[in-house]
Number of protein chains: 2
Amino acid sequence: MSLNEKLPPCPVETTLMLMGDKWKVLIVRDLLTGTKRFGELKKSLNGISQKVLTSHLRIMEKNGLITRKVYPQVPPKVEYTLTEVGQSLKQVHDAMLDWGSVYKLKYSTRTSMV
Amino acid sequence: MSLNEKLPPCPVETTLMLMGDKWKVLIVRDLLTGTKRFGELKKSLNGISQKVLTSHLRIMEKNGLITRKVYPQVPPKVEYTLTEVGQSLKQVHDAMLDWGSVYKLKYSTRTSMV
DNA sequence: CGGGATCCACAAGGATACTG
DNA sequence: CAGTATCCTTGTGGATCCCG
């Protein structure tokens, strides 16, 4: 997804373009607690493949949400950090956190919703 | 996605299970302004196919986010309305709206981010 | 008008192997 | 350790047709 294309008129759609993906939300969730290394993210993002993680991180970097810092070492060390814009996703994240919590409380006593 | 399965421990993941989809977010956006008919939603959700719209509406109904009211007429008339839980997604929606707006302001002057 | 049933295409994601 | 390159599988969504 390149930002060369015009951003959609509806701001919600803009957000969806940039964050409308399960993995991206979870990456932000993890980075909100601080800078993380690639391996830490991979472990925390239960089940993500390195290909997918790498590609998402690249896009988010391109979109100005995160920064990538490479330490010229052997073995390599790469750290990912939220930018200021990325940090501001905390509002969205917290809203999702709150809503999910309430939903769980409301429905955790049911065994089935079918 | 059936809720018979245990909801994930992280509330954010719970939210993602229920709303981690572009179309669902946009459906909520439209229904936040009031009850809508199937055709209205389809028109407003630029480009969605009826199959996809129907299936998402079914899932959201099963998950307790919306209600479906059928008027026994010919031709049929079906209305969709947010439940109370669905209405509470307004917090999430507004957070996404705000963030998208800020992002657009921040980057609308750039022609490229590559 | 709303939607069920099919068929199909494509892209996203998983697995694996290799490398600086 | 953090990738890149490849291959392959899956399922999501689009298109179409038909029906009450």
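Sequence lines set the chain letters: A, B, ... in the order given, protein chains first and strands last, and positions in each chain run from 1.
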*Asks:* Should we count CD of B:Gln73 as having more than 12 external heavy atoms under 6.0 Å?
*Replies:*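 Yes - once you tally the heavy atoms of other residues, nucleotides and ligands closer than 6.0 Å, there are more than 12.
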*Asks:* Are any of the side-chain heavy atoms of B:Met19 and B:Leu65 separated by less than 4.5 Å?
*Replies:*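 SC-SC contact between B:Met19 and B:Leu65 confirmed.
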*Asks:* Which is true for B:Tyr71 with a 4.0 Å heavy-atom rule: it touches a base, it touches only sugar-phosphate, or it touches nothing?
*Replies:*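 Result for B:Tyr71 = nothing.
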*Asks:* Between C:dC1, D:dG3, D:dG13, spot the one nearest the side chain of B:Pro75, thanks.
*Replies:*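 Within the option list, the nearest is C:dC1.
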*Asks:* Of the nucleotides C:dG3, D:dA2, C:dG2, which has the atom closest to the B:Gln50 side chain?
*Replies:*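 Within the option list, the nearest is C:dG3.
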*Asks:* To the nearest angstrom, how far is B:Leu53 atom CG from C:dG2 atom C1'?
*Replies:*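 Value for this atom pair: 10 Å.
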*Asks:* Please tell me which of B:Arg68 and A:Asp21 maps to the more 5' nucleotide of DNA chain C, matching each residue to the nucleotide holding its nearest heavy atom.
*Replies:*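 Upstream on the strand: B:Arg68.
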*Asks:* Whole angstrom is fine here: how far is it from CG in A:Leu41 over to P in D:dC1?
*Replies:*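 Taking atom P of D:dC1 as the reference, CG of A:Leu41 is at 15 Å.
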*Asks:* Answer yes or no: does a side-chain N or O of B:Tyr80 lie under 4.0 Å from OP1 or OP2 of C:dG3?
*Replies:*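 Checking C:dG3 against B:Tyr80, a side-chain N or O does come within under 4.0 Å of OP1 or OP2.
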*Asks:* With the side chain counted from C-beta on, respond yes when B:Tyr80 and B:Ile27 share a heavy-atom pair under 4.5 Å apart, and no when they do not.
*Replies:*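 No, too far: nothing below the 4.5 Å cut-off.
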*Asks:* Take atom NZ of A:Lys42 and atom C1' of C:dA15, then tell me their distance rounded to the nearest Å.
*Replies:*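 It is 11 Å, rounded to the nearest whole Å.
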*Asks:* Can you find a side chain N or O atom of B:Arg58 that sits less than 4.0 Å from OP1 or OP2 on C:dG3?
*Replies:*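 Answer yes for this pair, as a side-chain N or O of B:Arg58 is under 4.0 Å from OP1 or OP2.
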*Asks:* Are there more than 12 heavy atoms of other residues, nucleotides or ligands under 6.0 Å from atom NZ of A:Lys22?
*Replies:*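 12 or below, so no.
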*Asks:* Under 6.0 Å from the NZ atom of A:Lys90, do we count more than 12 heavy atoms belonging to anything else shown?
*Replies:*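 No, the 6.0 Å shell around NZ holds no more than 12 heavy atoms from other groups.
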*Asks:* When the distance from CZ of A:Phe38 to C1' of C:dG20 is rounded to whole Å, what number comes out?
*Replies:*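 The answer, rounded to whole Å, is 15 Å.
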*Asks:* To the nearest Å, give me how far apart NZ (B:Lys22) and P (C:dA11) are.
*Replies:*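 So the two atoms are 15 Å apart, to the nearest Å.
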*Asks:* So what does A:Lys51 touch, heavy atoms closer than 4.0 Å: a base, only the sugar-phosphate, or nothing?
*Replies:*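 Here A:Lys51 touches the bases of the nucleic acid.
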*Asks:* Roughly how many Å is it from CG in A:Leu57 to P in D:dA2, rounded to a whole number?
*Replies:*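 The answer, rounded to whole Å, is 11 Å.
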*Asks:* Report the nucleotide, chosen from D:dG20, C:dG3, C:dG13, that has the shortest atom-to-atom distance to any side-chain atom of B:Pro76.
*Replies:*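 Nearest to the side chain of B:Pro76 among the choices is D:dG20.
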*Asks:* Does a nitrogen or oxygen in the side chain of B:His56 sit under 4.0 Å from OP1 or OP2 of D:dG13?
*Replies:*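 Affirmative; the distance criterion is met.
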*Asks:* Can you tell me how far C1' of D:dA2 sits from NZ of A:Lys69, to the nearest Å?
*Replies:*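 A:Lys69 atom NZ is separated from D:dA2 atom C1' by 17 Å.
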*Asks:* Rounding to an integer number of Å, can you tell me how far B:Ile27 CD1 sits from D:dG13 P?
*Replies:*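 Roughly 10 Å, once rounded to whole Å.
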*Asks:* Return no unless some side-chain N or O of B:Arg37 is found under 4.0 Å from OP1 or OP2 of C:dG2.
*Replies:*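 Answer yes for this pair, as a side-chain N or O of B:Arg37 is under 4.0 Å from OP1 or OP2.
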